[in-house]
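Have a look at the structure below, then the notes.
Starting from 1, each residue takes its place in the sequence as its number. Computation of the quantities below employed the complete heavy-atom set of this structure, encompassing side-chain atoms and omitting hydrogens, waters and symmetry-equivalent molecules. Note that the structure is predicted; figures quoted are calculated from it, not measured.
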Amino acid sequence: LFKRMYDLFTNKEVSSIADEISVEKKELPHIVFIHGAGCSHRSWNYLLAKLNPTQYTMLEYSVDDKFNTNLTKLASDFGHIHDKKVYMISHSMGGIYALNLYQMFRHRIIGSISIATPFAGSRTADFVKYIYPSYALFKDVGVKSAPILRCHNITIHVPWTQIVTTDGGVPWHNGHNDGVVTVESQKHREDMEFVEVHVTHNEALVSDEVLDVIKDKLNIKTLDKTTS
């Protein structure tokens, strides 16, 4: 599994993956992808190859920078997208940024899918930030951190699906978790749809079940070339 994920994230399998399916021609919205903390645009290689959108943007940020610094950069990059209407797909911490971008550009965002996003924050981060005080992420994702509290005041008025990852639990997180984020934190909000998928936090990005959920929300039909 780890070798497959490495090959996918380093783009070794993307060309062959694209040949496996044919996406029925449909005008998709401009899709904005926002990766999780400690990742990059490469984490989307598998899903991107399968979805094959004609118009998309990869927004990037650094965990070495503070939340507001990253958000300012992301908002600037978002503002340069020419298409008026966009759809967001985000992973983990990327979903926190996506929600803040929604507040800023709600007139342009027609829908969103977040994957394993800790909308209620992380109690583990509240503790670990004292062990690694220089690491900005732990300060930004704590239960009572400013970014998480800000999210509580944002109301969603577009279709938003949160894919909840439920496998891979570890004992140092309080409660059922996917190895990184608790299920409770993932299901904190009341203004979005939840779809549970039994994979770990990072397996979600190479999961066909997650892919199927995304296709369903984007109303994509696929034709298997072997049967066409």
Side-chain angles (χ1 to χ4, degrees), residues 29-41 43-44 47 56-126 129 135-165 180-182 184-195 201 204-205 214 217-218:
H30 190 118
I31 301 177
V32 174
F33 294 90
I34 310 176
H35 61 77
C39 297
S40 73
H41 67 277
S43 64
W44 295 111
L47 294 176
Y56 68 91
T57 298
M58 298 285 187
L59 296 185
E60 299 208 53
Y61 62 95
S62 172
V63 292
D64 294 326
D65 295 326
K66 294 181 179 180
F67 184 87
N68 287 337
T69 300
N70 282 326
L71 183 59
T72 299
K73 176 185 179 300
L74 292 171
S76 176
D77 293 342
F78 190 102
H80 286 91
I81 298 173
H82 296 297
D83 291 280
K84 293 182 178 180
K85 301 298 182 182
V86 302
Y87 195 100
M88 295 190 298
I89 300 179
S90 55
H91 177 231
S92 195
M93 189 66 181
I96 302 299
Y97 287 110
L99 185 56
N100 279 267
L101 289 174
Y102 167 74
Q103 183 184 41
M104 301 166 71
F105 299 96
R106 63 175 66 227
H107 61 290
R108 296 183 56 190
I109 296 169
I110 61 174
S112 183
I113 297 171
S114 51
I115 306 170
T117 293
F119 286 110
S122 168
R123 292 188 180 90
T124 304
D126 283 330
K129 69 182 180 182
Y135 194 51
L137 175 64
F138 293 144
K139 298 177 182 178
D140 289 338
V141 77
V143 171
K144 295 188 180 299
S145 66
I148 297 299
L149 292 178
R150 183 188 306 166
C151 285
H152 297 339
N153 295 321
I154 301 174
T155 303
I156 299 170
H157 297 288
V158 296
W160 192 304
T161 299
Q162 163 87 321
I163 297 177
V164 179
T165 47
V180 178
V181 177
T182 65
E184 179 185 14
S185 186
Q186 293 181 63
K187 300 178 77 171
H188 172 74
R189 299 188 64 92
E190 298 181 352
D191 51 4
M192 58 180 59
E193 176 190 11
F194 299 120
V195 178
H201 191 78
L205 298 176
I214 295 173
K217 300 308 172 184
L218 292 175

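- Summarising the geometry, atom CD1 belonging to Ile115 is positioned 6.0 Å from atom CG belonging to Leu47; distances are rounded to the nearest 0.5 Å.
- The CG atom of Leu101 sits 6.0 Å away from the CE atom of Met88 when rounded to the nearest 0.5 Å.
- For Asp191 (side chain) and Thr155 (main-chain N/O), no donor-acceptor pair under 3.5 Å exists by modelled atom type.
- A pairwise comparison of heavy atoms in Trp44 and Ile34 identifies CZ2-O, 3.3 Å as the closest pair.
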- request: Starting from the C-alpha separation in whole Å, work towards a yes-or-no answer on side chain to side chain contact (heavy atoms under 4.5 Å, CB included) for Tyr97 and Leu59.
  value: CA-CA 10 Å; Tyr97 287 110; Leu59 296 185; over 6 Å; no
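- Of the possible polar contacts, none joining the Ser76 side chain to the Thr72 backbone as a donor-acceptor pair under 3.5 Å is found.
- Within a 6.0 Å sphere centred on NE2 of His82, other residues, nucleotides and ligands contribute 12 heavy atoms or fewer.
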task: Would you check, one step at a time, whether the test side chain to side chain contact (heavy atoms under 4.5 Å, CB included) holds for Leu99 with Ile156?
output: CA-CA 8 Å; Leu99 185 56; Ile156 299 170; 3.8 Å; yes
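- Listed for the Asn70 side chain is no donor-acceptor partner under 3.5 Å among the backbone atoms of Tyr61.
- Atom OG1 of Thr69 and atom CG of Leu74 lie 10.5 Å apart (nearest 0.5 Å).
- Contact record, Ala136 with Val63: CB-O, 3.8 Å, taken as the closest heavy-atom pair.
- Distance alone, capped at 3.5 Å, places no donor-acceptor pair between the Gln186 side chain and the Gln162 backbone.
- With rounding to the nearest 0.5 angstrom, the NE2 atom of His152 is 5.5 Å from the CG atom of Leu149.
- Although no hydrogens or angles enter the test, the distance criterion places a donor-acceptor pair under 3.5 Å between the side chain of Ser62 and the main chain of Asp64.
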field: Worked check of side chain to side chain contact (heavy atoms under 4.5 Å, CB included) between Ile113 and Tyr87
entry: CA-CA 8 Å; Ile113 297 171; Tyr87 195 100; 3.4 Å; yes
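- Counting all heavy atoms, side chain and backbone alike, Arg106 lies closest to Ile154 at NH2-CG2, 4.3 Å.
- Aromatic ring pairs are classed by plane angle as parallel below 30°, tilted from 30° to 60° and perpendicular above 60°; the pair His201 and His91 is tilted.
- Taking the six-membered ring for Trp and thresholds of 30 and 60 degrees, Tyr102 and Trp160 have ring planes more than 60 degrees apart, a perpendicular arrangement.
- For CZ of Arg108, the number of neighbouring non-hydrogen atoms (other residues, nucleotides, ligands) closer than 6.0 Å is greater than 12.
- Minimum interatomic distance between Phe33 and Met58 (heavy atoms only, all atoms of both residues): CB-SD, 3.5 Å.
- With hydrogens and angles ignored, the 3.5 Å screen pairs a side-chain donor or acceptor of Lys73 with a backbone N or O of Glu60.
- Atom-to-atom distance recorded for Thr124:OG1 and Lys129:NZ is 12.5 Å, nearest 0.5 angstrom.
- Here the side chains of Phe119 and Ser114 are in contact, with some heavy-atom distance below 4.5 Å.
- Residues Phe78 and Val86 meet the side-chain proximity criterion, which asks for heavy atoms closer than 4.5 Å.
- Across all their heavy atoms, Cys151 and Ile96 have their closest contact at SG-CG2, 3.7 Å.
- Here the closest heavy-atom approach between residue Val164 and residue Lys187 is recorded as CG2-CG, 3.7 Å.
- Within a 6.0 Å radius of NZ in Lys66, no more than 12 heavy atoms belonging to other residues, nucleotides or ligands are found.
- Here the OG-CD1 distance, from Ser185 to Ile148, works out to 6.5 Å after rounding to the nearest 0.5 Å.
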field: Criterion side chain to side chain contact (heavy atoms under 4.5 Å, CB included) on Arg150 and Asn68, from CA distance to verdict
entry: CA-CA 12 Å; Arg150 183 188 306 166; Asn68 287 337; 3.0 Å; yes
